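So the structure is just underneath, and the comments pick up after that.
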Amino acid sequence: MKTMQLSQITRIREAMEKEDIGAVLLTNMDSIAWATGFTGSSAQVILTPSTGLFVTDSRYTIQAHEQVEDLSIVTQTPGTAQADFLAEQIRRLEIPKLAFESGFVTVSTYDDWKKKFEGVELTPAANIIGPLRCVKLPHEVDKIRAACKMADACMEHVIRMIQPGVSEWDIGLDIEFFFRRQGADLAFEPIVVSGERSARPHGRASQKKLEVGDFITLDFGCQVDGYCSDITRTFVIGEVTDRHERIYNQVLKANQAAIDAIEPGKSGKEIDQLARDVLAEADMAHYMGHGLGHGLGRLVHDFGGLSQRSDTILAPGMVMTVEPGVYVEGFGGVRIEDDIVVTETGADVLTSFPKNLLVLS
């Protein structure tokens, strides 16, 4: 743990120096967990080139001392408002200018800080933490890899109950039970959609029972030691038609083409467009309304991505999903999703459950 914390704090300080930022206030709990290893729900971090304060309340004092190293731990005084206590620490450190995570601060919080942090210039710093979290350190990739291995095992487990007459809801419960029994958390509520409902990219499991001729899409992930996996596979129930195969095989072709094209220096837009071009070969590109992929890390939708609007330039250590999909209203949909880490030469695929079309009965 100590190596992780030193590495992330050092990376933040290096970014601060590069951006000429003398002090930064972290208030987003995902950023704080990433930087310090703290797993509680309330904390703030004040970081300067030479000083680091970890501020929490009395509920987490013991936990903070167990999990946080290399930062001074300060417990908020009972009965004191959070902004007042932070202002006291900022005055004590004689900070004249303070950067903050502007993407995670409400207008009301910002207005409160302006009143309480008297004499301190507040500056938004949207690009401090995000780019760092986008590129994972080796130990972070190892944790994502472990979460992917568990997701693969869950997929292998749950397909055994997929047959006509079983409800989407029961399959979703079995996915959750599997992860809980393994001591993992859900990365997000599992998506289980079948038949015409599989044309809903983020549809929730319902009481609908599986029928012969249905597509069924399973999209789920778990969180292991704070890091997420995210896998999607689509199957056919009982009987496959030419239409099933045509849609499935084109999505699979787009998935593999995108993975094969990934390498450092390429843009998220470029990879996304390549997948759409493959779908367009079969006049299916207009059936994909979402981006090709997103960053993956402590959040299932972490920093970075592959989409038509993405400004991400791929670099070694970035972890992304690759998930082309085709969704035909009134018939059904297919999505095939893998998790990859960008390497010096291409992409290392972290999910390994087979992608050939499986007919389950």
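Just so you know, these numbers come straight off a predicted model, no measurement behind them.
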4.5 Å side-chain heavy-atom contact, [X] and [Y]:
X: Thr123; Y: Leu98; result: no
X: Glu176; Y: Phe220; result: no
X: Phe235; Y: Asp214; result: no
X: Leu173; Y: Ile171; result: no
X: Arg59; Y: Ser42; result: yes

Count the heavy atoms of every other residue, nucleotide or ligand shown that sit under 6.0 Å from [atom1] of [X], and state whether that count exceeds 12.
X: Asn356; atom1: CG; result: yes
X: Glu17; atom1: CD; result: no
X: Asp111; atom1: CG; result: yes
X: Arg181; atom1: CZ; result: yes

Check whether the side chains of [X] and [Y] place a donor and an acceptor atom closer than 3.5 Å, and report yes or no.
X: Tyr60; Y: Thr75; answer: no
X: Ser194; Y: Lys208; answer: yes
X: Asp230; Y: His301; answer: no
X: Thr36; Y: Gln67; answer: no
X: Thr106; Y: Thr109; answer: yes
X: Asp339; Y: Thr351; answer: no
X: Gln273; Y: Arg276; answer: no

**Q.** Test item: Arg233 side-chain N/O and Met155 main-chain N/O as donor-acceptor pair under 3.5 Å
**A.** no

Run the salt-bridge test on [X] and [Y] with the 4.0 Å N-O cut-off and return the result as yes or no.
X: Lys355; Y: Asp338; result: yes
X: Glu118; Y: Arg91; result: no
X: Arg180; Y: Asp185; result: yes
X: Asp84; Y: Lys116; result: yes
X: Arg197; Y: Glu168; result: yes
X: Asp348; Y: Arg145; result: yes

With the 4.5 Å side-chain cut-off for hydrophobic clustering, are [X] and [Y] part of the same group?
X: Trp113; Y: Val74; value: yes
X: Leu26; Y: Met16; value: yes
X: Tyr287; Y: Val322; value: yes
X: Leu186; Y: Val193; value: no
X: Ile231; Y: Ile262; value: no

Please report whether the ring centroid of [Y] lies less than 6.0 Å from that of [X].
X: His202; Y: Phe188; answer: no
X: Phe54; Y: Phe38; answer: yes
X: His290; Y: Tyr327; answer: yes
X: Tyr110; Y: Phe100; answer: yes

Q: For side chain to side chain contact (heavy atoms under 4.5 Å, CB included), just list the numbers for Cys228 and Leu299, CA-CA rounded to whole Å, side-chain angles, deciding distance to a tenth of an Å, and then say yes or no.
A: CA-CA 6 Å; Cys228 299; Leu299 298 177; 5.8 Å; no

Euclidean distance, [Y] [atom2] relative to [X] [atom1], rounded to 0.5 Å:
X: Leu350; Y: Asp142; atom1: CG; atom2: CG; value: 10.0 Å
X: Thr39; Y: Glu66; atom1: OG1; atom2: CD; value: 9.5 Å
X: Ile21; Y: Leu47; atom1: CD1; atom2: CG; value: 11.0 Å
X: Cys154; Y: Asp174; atom1: SG; atom2: CG; value: 7.5 Å
X: Leu210; Y: Gln163; atom1: CG; atom2: CD; value: 8.5 Å
X: Ile144; Y: Tyr227; atom1: CD1; atom2: OH; value: 7.0 Å

Q: Examine Arg243 relative to Phe331 and say whether NZ or CZ is less than 6.0 Å from the centre of the six-membered ring and inside a 45° cone about the ring axis.
A: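 Yes, a cation-pi geometry.
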
Q | Phe178: ring pair (Phe, Tyr, Trp, His ring centres under 6.0 Å) partners, not counting sequence neighbours | A |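 Residues passing ring pair (Phe, Tyr, Trp, His ring centres under 6.0 Å) with Phe178: His157.
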
Q | With His65 via ring pair (Phe, Tyr, Trp, His ring centres under 6.0 Å) - residues at least two apart | A |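 So His65 forms no ring pair (Phe, Tyr, Trp, His ring centres under 6.0 Å) with any residue.
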
Q.
According to side-chain hydrogen bond (donor to acceptor under 3.5 Å, both in side chains), does anything in residues 257-266 pair up with another residue at least two apart or in another chain? List the pairs.
A. Gln256-Asp260

(Q) Val224 and side chain to side chain contact (heavy atoms under 4.5 Å, CB included): which single residue from Lys143, Lys149, Met150 fits? (A)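 Going through the options one by one, the only one that passes is Met150.
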
